[in-house]
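Residue numbers start from 1 in every chain, and the chains themselves are labelled A, B, ... in the order their sequence lines are given, proteins ahead of strands.
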Amino acid sequence: MSRHPTTLPGRHPDYILVSVAWPYASGPRHLGHAAGAYVPPDIFARYHRMMGDHVLMVSGSDMHGTPITVAADRLGVSARELAEENHLGIAESFRRLGLSYDLYTTTLTPIHYRVTQEFFTRLLEQGYLFQDTQPAMYDPEAQRFLPDRYVEGTCPHCGYADARGDQCDNCGRTLDPTDLINPRSKLSGATPETRDTTHFFLDLPKFQERLQTWVNAESGHWRPAVLGFVQGWLNEGLRARAITRDLDWGVPIPLEGFEDKRIYVWFDAVIGYLSASMEWAERRGDPEAWKRWWVLDADGNAPGRSYYFVGKDNIPFHAIIWPAMLMGYGGLALPYDVPANEFLTLAGQKLSSSRTYTARLPFLPEALELFDADAIRFFLTINAPESRDTDFSWDEFQRRNNDELVATYGNAVHRLLSFTQSRFGGVVPMPGPLAPEDEVMLERARATFETVGDQIEAVRLRDGLLSVMALAGALNRYLDEAAPWKTLKTDPERAATSLWTALQVISALRVLTAPYLPFSAQQLHEYLGEKGSVHALPWMFRDLPAARRLPTPQPLFRKLDDEELAGLVGRLDEETVVTGEPI
RNA sequence: GCCGACGUAGCUCAGCGGCAGAGCAAGGGACUCAUAAGCCCUUGGCCGGUGGUUCGAUUCCACCCGUCGGCACCA
């Protein structure tokens with residue numbers, strides 16, 4: 001899908017790696033995930049393609065890990081079957097949302113296994129991994145080791161009876177499973193035993209200094225919350241982290257004597273960015289192509305910029321651990337930016353895929369069943385949690401859709417295209433001499449490309465969309481001022497000139513909205529009498545030639561009335577939440 | 001408990017050293033091309049609290065209160 005439209009005059013194309021967080025294949029993702037990590041990189045990638053940059057946008061489903069094995073056991077299927085089924089569902093949702101991945105794969109591919117094992121081996125050889133034996137919780141009935149949060153018991157601090165081994169949900173304190181009073185396995189209810197187990201650890205302290213240097217150099221363009229998080233960990237001093245688990249579902253450890261252990265999900269998942277890039281290259285018949293985004297030159301400089309779009313819960317993996325792994329491996333580009341988003345909340349509560357709320361947020365398959373992808377993308381972007389948690393409510397969704405997307409932008413387009421049909425026979429009129437207000441309007445449309453472009457490049461996607469909407473607002477004001485429906489009776493040439501001017505702005509909006517609202521932008525492109533893809537256009541003002549005949553338009557978006565919305569939301573309440581664990 | 005972010009109009013959110021902003025909601029008006037959409041005007045805020053720095057603080061600093069997040073085997 002790496003389209004390379006006309007390179008903009010005088011611009012040297014960049015290599016832009018758009019790395020998107022890997023969804024955990026435990027079940028469908030919801031709107032919060034889409035707002036946090038999936039829609040933003042798509043906007044970013046689409047914009048850069050229109051700028052003529054070489055964009056590689058990769059991701060895939062994270063298929064391994066304990067939660068999937070537990071869910072699979074419960075359903076009586078294999079972990080592979082469950083993960084693959086969920087992967088297909090996630091991929092389908094992403095397709096319908098219009099996410100333009102160059103490759104959306106999984107962590108089950110041969111190439112991913114190979115690259116992960118190579119990474120492991122290289123880090124081991126370089127002395128960045130070590131073995132250590134530690135006690136861990138073991139469920140004698142289920143005959144498996146338990147992650148901390150699969151041990152439950154009474155909180156020693158507050159007496160809460162259902163505290164988890166990693167944290168007490170009641171008082172919020174961080175716990176160790178051995179702290180729990182009357183511990184029990186979440187899987188079988190049995191009393192867990194303590195057993196020693198040997199694992200490999202990533203020696204993060206060895207990277208402390210290099211990471212600090214890198215952060216100092218790079219963080220000028222990072223979001224404050226990301227820098228704060230990373231600096232917090234660095235100030236506290238990094239600790240080694242286990243990167244293997246007692247599991248049979250994961251990438252095997254490439255050493256003898258570790259057949260009953262696997263590489264842990266977070267270690268292999270981040271390697272997915274690299275292995276997916278390689279898979280993409282292989283699939284297009286140019287196996288070396290991935291290097292153009294990844295491999296440092298002789299002076300150690302990165303070939304372009306790598307962006308990692310994640311939710312804030314993923315910051316440590318992408319801004320500390322993965323950079324450390326890359327440093328240890330050597331020769332590969334470190335992240336340029338990790339534009340992590342905050343969370344989308346529902347009535348102030350963090351959205352979790354594992355808990356049910358009476359009025360909850362829809363999962364993506366449901367949302368896409370009920371609403372147009374562009375309406376969803378619009379809401380998630382105009383209300384994006386870029387600098388803090390933002391709130392989702394159905395009222396707000398309806399209002400943003402009806403009063404902003406439909407009324408301001410959709411209506412501006414529709415009133416103009418309809419007017420062209422009814423009064424000008426559907427033909428773009430020939431303009432007369434431009435009045436000063438026409439020039440001002442056109443100049444504003446041209447200037448918006450630079451404004452929005454700067455905002456998108458700074459990953460201020462919400463601001464960019466606000467700027468696009470502001471242009472639509474300015475167009476509405478221009479139209480009311482110019483009132484061609486009035487001047488038509490007194491000065492037809494003036495009316496024609498006003499309409500021509502306004503249609504040029506619509507022509508600009510078709511390009512400006514393309515990264516944000518890919519479906520309606522394409523629709524509008526066709527209403528403007530053009531064939532081909534709007535997404536292949538360069539990011540610049542595009543004339544709409546006079547005398548062109550335009551097809552009969554339909555409204556780009558539809559309003560959601562109260563009754564309809566209530567009915568749709570009511571349906572969500574009746575459904576039960578799918579199996580699965582929070583990612 | 002420790003660390004961090006946030007607290008701005010009824011609602012959702014911008015702004016972050018120099019007269020408080022937008023959209024929506026509320027009230028009024030002119031228009032009719034348009035999905036009763038769009039446009040104009042008005043109302044509406046001790047910018048969480050208390051101190052401090054400064055000629056000047058919503059903006060910088062300290063403390064307090066509140067919300068959320070992190071605290072390394074949840075990804």
Taking the nucleotide of RNA chain B with the nearest heavy atom to each, does A:Pro147 or A:Arg399 sit closer to the 5' end? A:Arg399
Under 3.5 Å, side chain of [X] to main-chain N/O of [Y], donor-acceptor pair present?
X: A:Gln421; Y: A:Pro551; result: yes
X: A:Thr244; Y: A:Phe200; result: yes
X: A:Arg223; Y: A:Val459; result: yes
X: A:Tyr308; Y: A:Ala319; result: no
X: A:Arg549; Y: A:Gly425; result: yes

Which residue pairs satisfy the salt bridge (charged side-chain N to carboxylate O under 4.0 Å, His left out) criterion with at least one member in residues 399-416 of chain A, sequence neighbours excluded? A:Glu396-A:Arg399, A:Glu396-A:Arg400, A:Arg399-A:Glu404, A:Arg400-A:Glu404, A:Arg415-A:Asp480
Write down the distance between [atom1] ([X]) and [atom2] ([N]), rounded to a whole number of angstrom.
X: A:Leu466; N: B:U12; atom1: CG; atom2: P; value: 17 Å
X: A:Trp233; N: B:C71; atom1: CH2; atom2: P; value: 7 Å
X: A:Ile320; N: B:C71; atom1: CD1; atom2: P; value: 11 Å
X: A:Asp313; N: B:C74; atom1: CG; atom2: P; value: 13 Å
X: A:Asp62; N: B:C74; atom1: CG; atom2: P; value: 15 Å

Identify which nucleotide among B:G70, B:G69, B:C73 has an atom closest to any side-chain atom of A:Asp148, counting heavy atoms from C-beta outward. B:C73
Look at the side-chain N and O atoms of A:Arg400 and state whether any lies under 4.0 Å from the OP1 or OP2 oxygen of B:C24. no
Of all the base pairs, Watson-Crick or G-U under 3.5 Å, which form stems of three or more consecutive pairs involving RNA chain B? B:1-7 with B:65-71, B:10-13 with B:21-24, B:26-29 with B:39-42, B:48-52 with B:60-64
Walk along nucleotides 26-39 of chain B from 5' to 3' and tag each nucleotide B, S or - by protein heavy-atom contact under 4.0 Å, base first, then sugar-phosphate. -----SSBBB-SBS
Going through the checks in order, is the salt bridge (Lys or Arg N to Asp or Glu O under 4.0 Å) test met by A:Arg494 and A:Asp491? CA-CA 5 Å; A:Arg494 181 69 211 129; A:Asp491 184 352; 5.9 Å; no
Tell me what [X] touches on the nucleic acid: a base, only sugar-phosphate, or nothing, going by heavy atoms under 4.0 Å.
X: A:Gln134; value: base
X: A:Phe145; value: nothing
X: A:Asn235; value: nothing
X: A:Leu238; value: base

List in chain and number order the residues that pass salt bridge (Lys or Arg N to Asp or Glu O under 4.0 Å) with A:Asp148, two or more places apart in sequence or in another chain; answer none if no residue qualifies. none
In whole Å, measure the gap between the P atoms of B:C16 and B:U32 for me. 42 Å
B:G17 to B:G44 separation - C1' atoms, rounded to the nearest Å: 27 Å
Quick one: which protein N/O atoms are closer than 3.5 Å to N/O atoms of nucleotides 5-8 of chain B? Pair and distance per line, please.
none

Between A:Leu479, A:Leu512, A:Leu471, which is the residue that forms a side-chain contact (heavy atoms from CB on, under 4.5 Å) with A:Val505? A:Leu471
Of the options A:Leu129, A:Ile253, A:Val265, A:Leu123, which is the one that meets A:Ile243 in a side-chain contact (heavy atoms from CB on, under 4.5 Å)? A:Leu129
Tell me, please, which residues at least two apart from A:Trp485 pass ring-ring contact (aromatic ring centres under 6.0 Å, His included). none
Nearest atoms (heavy-atom pairs only) where A:Arg510 meets A:Ala521: O-CB, 3.6 Å
